[in-house]
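Basis for what follows: all heavy atoms, side chains included, without hydrogens, waters or symmetry-related copies. Computed from a predicted structure; not experimentally measured. So you know, we letter chains A, B, ... as the sequences are listed, proteins then strands, and number each from 1.
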Amino acid sequence: MSAGIIQEQVASAITNALLQAQQRGSLQSAHFPQPVVDFPKREEWGDLSSSVAMLIAKQEKRPPLEVAHVIADQLQASCTFLEKVSVAPPGFLNVTLRPDCWLSVLEEIERTGDRYGHSKIGQGQRVLLEFVSANPTGPLHMGHGRGAALGEALARLLRAAGYEVDKEYYINDAGRQMKLLADSVYARYLEMHGRECSFPEDGYHGDYIKTLAQAMDREKSIHLLTLNPEDARRECGQWASHELVRAIKEDLAQFGVEFETWYSEASLFSSGRIQAALHDLEQRDLVFTQDGATWFRSSRFQDEKDRVVCKQDGDYTYLASDIAYHFDKVRRGYEWLINIWGADHHGYVPRMQAVIKAFGYGDDCLRVVLVQMVRLLRGGKKVEMSKRAGEFVTLQDVVDEVGADAAKFFFLMRRSDTHLEFDLELAKKQSAENPVYYVQYAHARLASLFRTAQERGFFVSSVGGAPLSALVQPEEIRLIKQLSSFPGLLEASAKALEPHRITFYLLELAGFLHVFYYKHRVLPPRVDDAKEESSGEPDHDEESSALVREVLSRELTMARLVLLKQVQTVIKNGLLLLGVSAPEKM
RNA sequence: GCGCCCGUAGCUCAGUGGACAGAGCAUCGGCCUUCUAAGCCGAGGGUCGCAGGUUCGACCCCUGCCGGGCGCACCA
């Protein structure tokens with residue numbers, strides 16, 4: 001449902017009409033649903049429409065159309081801000097507002113400014129949003145970029161919806177992958193010094209491993225060749241993971257994504273949290289021993305089978321870390337946990353839900369958002385990647401080539417659980433074909449307009465001081481309507497954890513702006529322009545021109561400037577939620 | 001074999017159970033003496049994978065099938 005102030009106003013007017021009709025005995029129901037108020041599919045049907053009559057037709061035991069008429073009559077009688085109320089089959093209620101109603105939207109935007117659209121639905125609930133969390137075994141790639149953009153946008157969106165959000169990166173700095181990293185670096189190190197060695201079977205082959213070994217040789221005071229292989233390996237592992245985490249932080253910072261906390265998996269071991277968490281479960285008989293391994297009774301919580309947490313060889317599994325980690329999350333006081341995972345881990349979700357339930361929390365305490373793969377294209381042709389051979393396009397490569405803004409916008413143009421095609425050529429293009437520029441250009445265009453206006457002595461006034469009744473053109477009303485639906489959009493996007501809706505909204509709003517801008521002038525032509533025009537030939541192609549010939553009074557200029565100011569505010573608010581900049585100049 | 005996700009215009013994708021299913025790209029044809037043409041306008045294009053069901057009403061919910069992706073470890 002939309003929560004824009006106009007939509008709310010109409011919804012409550014309908015509710016009132018329902019209750020009044022009920023009192024007068026023309027409706028029978030004891031309870032009515034909250035009326036859904038939306039834009040009708042076609043503008044000519046009215047400003048707003050509601051399907052409430054069809055929803056209650058059944059309980060009223062009357063045809064929807066008849067119910068709609070009852071509501072319409074009541075609305076018409078009691079509601080002064082509606083210019084027209086009509087009914088359309090099969091039972092839609094269409095209303096047209098008095099034009100001045102829409103102007104309150106502009107006041108609302110001016111009053112709330114960069115908080116326009118924000119809500120309190122989160123009620124200050126504390127949310128831990130964990131994302132990216134890539135192993136520090138190499139640089140971040142495209143897929144991580146998508147997760148990073150989504151996480152950042154979600155954090156901003158949820159904060160705007162009244163949640164208290166912390167962003168966290170879980171560093172997988174323990175276990176097999178780290179051992180492989182250590183071995184790989186050590187092998188390159190030995191190689192560098194002409195020592196014979198065999199490169200580990202599943203090691204990391206990328207050139208960055210050689211770079212790490214070289215940097216280590218340069219910057220470390222101890223010579224690794226003087227150490228025994230075990231110590232040398234450990235040195236390599238620690239150095240490499242430290243360096244890679246540092247590089248990952250840098251990449252993310254350049255991408256415009258920062259975290260409140262970086263949580264080390266290794267710290268779960270050293271602090272004894274793993275044993276503590278497992279002990280907690282054991283006391284409630286949710287952990288048992290069999291075949292020399294320790295198991296978690298996840299099957300009690302709708303997982304398909306029990307899972308090993310400590311192997312026969314005494315090592316903990318990844319799940320053990322996750323149990324301890326998520327236990328710690330809720331113990332730190334977070335009421336809602338959101339994890340953003342690659343879709344290839346979806347099979348892991350029931351297990352993790354079982355963990356949460358085992359600690360006594362409900363299903364809705366943990367929400368896992370899955371992110372599908374990114375297919376990288378260049379001018380329509382697939383860019384081949386092979387992680388095995390260490391050949392993949394890094395996030396850094398993409399940011400360098402197309403910029404952080406374009407990259408983020410592209411990552412947020414699709415629902416997260418569908419595959420995404422990312423065309424580097426398109427993302428770089430500086431034209432209307434490139435969606436990110438299309439939206440940013442709308443913002444910059446307005447900034448430029450305001451600069452010119454100021455030079456010419458037109459200052460954007462406050463909404464209250466502007467002659468807004470001059471705003472009657474369809475393109476103007478359409479803009480205001482679109483602005484009015486922004487709060488509802490944010491609420492729905494936050495509830496669904498779907499920032500891509502904001503992307504689509506902005507493209508639409510920018511489109512409306514560009515159309516308006518093309519059809520109408522805001523500032524009067526300069527004196528010399530006017531002279532040119534009058535000395536020019538008489539207009540032959542009046543018909544063919546899309547431009548609206550209109551008298552541009554000072555009032556109209558002032559009113560349009562105020563309207564466009566609010567448009568600019570909303571574009572900016574939207575872009576900032578996506579983590580994309582709103583440039584003043586392009 | 002079991003589980004999850006996806007099948008919507010030539011391509012990439014939107015579409016909280018509501019009206020004649022939308023956008024961008026691509027194709028074709030137009031618009032710069034205008035406050036930013038990084039812009040605008042017009043045209044063509046569809047069995048919403050298939051078949052049932054629920055509903056006053058289904059692209060949306062349920063069941064089955066077909067096609068694609070991904071999972072099903074004492075790996076992470």
Side-chain angles (χ1 to χ4, degrees), chain A residues 1-2 36 38 40-42 45 49 51 54-55 57-58 63-65 88-92 94 135 137 172 174-178 180 202 291-295 304-305 307-313 315-319 321-322 342-350 370 372-373 377 380 413-415 417-421 423 426 429-435 437-438 440-442 444-453 455-456 458 488 492 495-496 500-501 503-504 507-508 511 513-515 517-526 528-529 532-533 536 541 544-547 557 585-586:
Chain A
M1 179 181 345
S2 299
V36 177
D38 228 323
K41 210 156 212 167
R42 288 164 186 277
W45 292 336
S49 103
S51 58
M54 292 179 282
L55 288 177
K58 191 158 204 171
L65 209 55
F92 284 100
N94 292 324
N135 293 338
T137 54
N172 297 115
R176 196 179 112 84
Q177 303 302 323
M178 289 315 296
L180 273 176
D202 301 316
D291 304 332
T294 310
W295 300 68
E304 56 190 17
K305 53 183 268 198
R307 308 288 175 177
V308 171
V309 288
C310 187
K311 296 183 275 181
Q312 277 177 343
D313 64 10
D315 283 352
Y316 288 111
T317 63
Y318 188 82
L319 180 61
S321 303
D322 268 339
D344 53 341
H345 289 76
H346 71 262
Y348 204 76
V349 175
L370 298 174
Q372 269 293 2
M373 303 208 3
L377 306 176
M413 273 200 307
R414 299 283 176 260
R415 244 178 42 218
D417 63 344
T418 62
H419 289 267
L420 169 74
E421 291 206 341
D423 196 316
L426 178 59
K429 227 176 244 182
Q430 305 207 340
S431 77
E433 288 168 62
N434 185 344
Y437 284 111
Y438 187 80
Q440 287 184 315
Y441 180 59
R445 214 175 195 188
L446 290 176
S448 164
L449 172 67
F450 299 139
R451 284 192 298 268
T452 310
E455 281 165 24
R456 301 230 218 130
F458 293 97
K495 279 181 183 160
H500 76 275
R501 298 187 192 197
T503 317
F504 280 88
L507 285 165
E508 207 173 8
L513 185 268
H514 289 310
V515 171
Y517 195 89
Y518 178 77
K519 282 195 177 176
H520 304 283
R521 285 193 64 90
V522 176
L523 304 176
R526 283 197 191 81
D528 45 338
D529 290 347
E532 292 270 359
E533 234 168 71
D541 54 348
S544 69
S545 171
L547 292 164
T557 292
K585 273 184 186 164
M586 286 175 76

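- For the OP1/OP2 pair of B:A23 and a distance below 4.0 Å, the side-chain nitrogens and oxygens of A:His500 include no atom meeting the criterion.
- Counting any heavy atom pair closer than 4.0 Å across all strands shown, A:Thr452 reaches sugar-phosphate atoms only and no base atom.
- A search for side chain to side chain contact (heavy atoms under 4.5 Å, CB included) contacts involving A:Ala174 returns A:Glu265, A:Phe269, not counting sequence neighbours.
- Note on A:Ser49: a base of the nucleic acid sits closer than 4.0 angstrom, heavy atoms only.
- Counting any heavy atom pair closer than 4.0 Å across all strands shown, A:Leu55 reaches a base atom.
- Using P as the reference atom, B:C65 and B:G71 are 23 Å apart when rounded to the nearest Å.
- The same atom, C1', is picked in B:G57 and in B:C35; the two are 49 Å apart, to the nearest Å.
- Note that the NE2 atom of A:His500 and the OG1 atom of A:Thr418 stand 8.0 Å from one another [nearest 0.5 Å].
- Separation of the P atoms belonging to B:A43 and B:C50 is 28 Å when rounded to the nearest angstrom.
- Remark: the separation of the C1' atoms in B:G1 and B:U55 is 35 Å, to the nearest Å.
- One finds no side-chain N or O of A:Tyr348 lying less than 4.0 angstrom from the OP1 or OP2 phosphate oxygen of B:C70.
- Contact annotation for A:Val522: base contact, defined as any heavy-atom pair under 4.0 Å involving a base atom.
- In the set B:A19, B:C74, B:A76, B:A76 carries the atom at the smallest distance from any side-chain atom of A:Arg176.
- Comparing atom distances between the A:Tyr518 side chain and each of B:U34, B:A21, B:C74 picks out B:U34 as nearest.
- Considering only side-chain atoms of A:Gln177, the nucleotide from B:A73, B:C13, B:A76 that sits closest is B:A76.
- Within 4.0 Å of A:Asp423, counting heavy atoms only, lies no atom of the nucleic acid at all.
- The partner of B:G44, taking Watson-Crick or G-U wobble pairs whose two distances both stay under 3.5 Å, does not exist in any strand shown.
- With a glycosidic angle no further than 90° from 0, B:C20 counts as syn.
- When heavy atoms are screened at a 4.0 angstrom cut-off, A:Asp344 is found touching the sugar-phosphate backbone but no base atom.
- Side-chain proximity of A:Met586 to the nucleotides B:A38, B:A14, B:C74 is greatest for B:A38.
- Atom name P, nucleotides B:G46 and B:A23: the rounded distance is 14 Å, in whole Å.
- Residue contacts for A:Pro350: at a heavy-atom cut-off of 4.0 Å it reaches no nucleic acid atom on any strand shown.
- Here A:His514 does not lie in a stacked arrangement on the base of B:A37, lacking the combination of planes under 30° and ring centres under 5.5 Å apart.
- A:His419 contributes no side-chain N or O that forms a donor-acceptor pair with the base of B:G69 under 3.5 Å.
- Taking atom C1' in both B:G17 and B:C41, the straight-line distance is 36 Å, to the nearest Å.
- Under the salt bridge (Lys or Arg N to Asp or Glu O under 4.0 Å) criterion, A:Arg176 pairs with A:Asp202, not counting sequence neighbours.
- The shortest distance between the side-chain N/O atoms of A:Lys58 and the OP1/OP2 oxygens of B:C56 is below 4.0 Å.
- Under the Watson-Crick or G-U wobble criterion, with both distances below 3.5 Å, B:C25 is paired with B:G10.
- Only the P atoms considered, B:C70 is 22 Å distant from B:A76, to the nearest whole Å.
- Heavy atoms of A:Gln372 sit nowhere under 4.0 angstrom from any nucleic acid atom.
- Counting only heavy atoms from C-beta on, A:Ala88 has its side chain closest to B:A19 among B:C35, B:A14, B:A19.
- In the set B:G71, B:A76, B:U16, the nucleotide with an atom closest to the side chain of A:Tyr318 is B:A76.
- Considering only side-chain atoms of A:Arg445, the nucleotide from B:A37, B:C74, B:A14 that sits closest is B:A37.
- Within the nucleic acid shown, A:Tyr517 comes within 4.0 Å of at least one base atom, counting heavy atoms only.
- Ring stacking holds between A:Trp45 and B:A19, with the centres under 5.5 Å apart and the planes within 30 degrees of each other.
- Base pairing of B:C59: no nucleotide in any strand meets the Watson-Crick or G-U wobble criterion (both distances under 3.5 Å).
- Taking the P atoms as reference points, B:U12 lies 15 Å from B:A26, given to the whole Å.
- Of all nucleotides listed (B:C13, B:A38, B:C4), B:C4 comes nearest to the side chain of A:His346.
- Taking a pair to require two hydrogen-bonding distances under 3.5 Å in either a Watson-Crick or a G-U wobble arrangement, B:C50 pairs with B:G64.
- When heavy atoms are screened at a 4.0 angstrom cut-off, A:Ala444 is found touching base atoms of the nucleic acid.
- Searching all strands for a Watson-Crick or G-U wobble partner of B:C31 with both distances below 3.5 Å returns B:G39.
- In this structure, A:Glu421 reaches the sugar-phosphate backbone alone: every heavy-atom distance under 4.0 Å involves primed, P, OP1 or OP2 atoms, never a base.
- Residue contacts shown for A:Asp322 are absent, as no nucleic acid heavy atom lies under 4.0 Å away.
- Pairing for B:C72 goes to B:G1, judged as Watson-Crick or G-U wobble with the two contacts each under 3.5 Å.
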Please tabulate, one pair per line, each protein N/O and nucleotide N/O from nucleotides 6-10 of chain B that are separated by under 3.5 Å, including the distance.
residue: B:C6; atom: OP1; partner: A:Arg415; partner atom: NH2; Å: 3.2

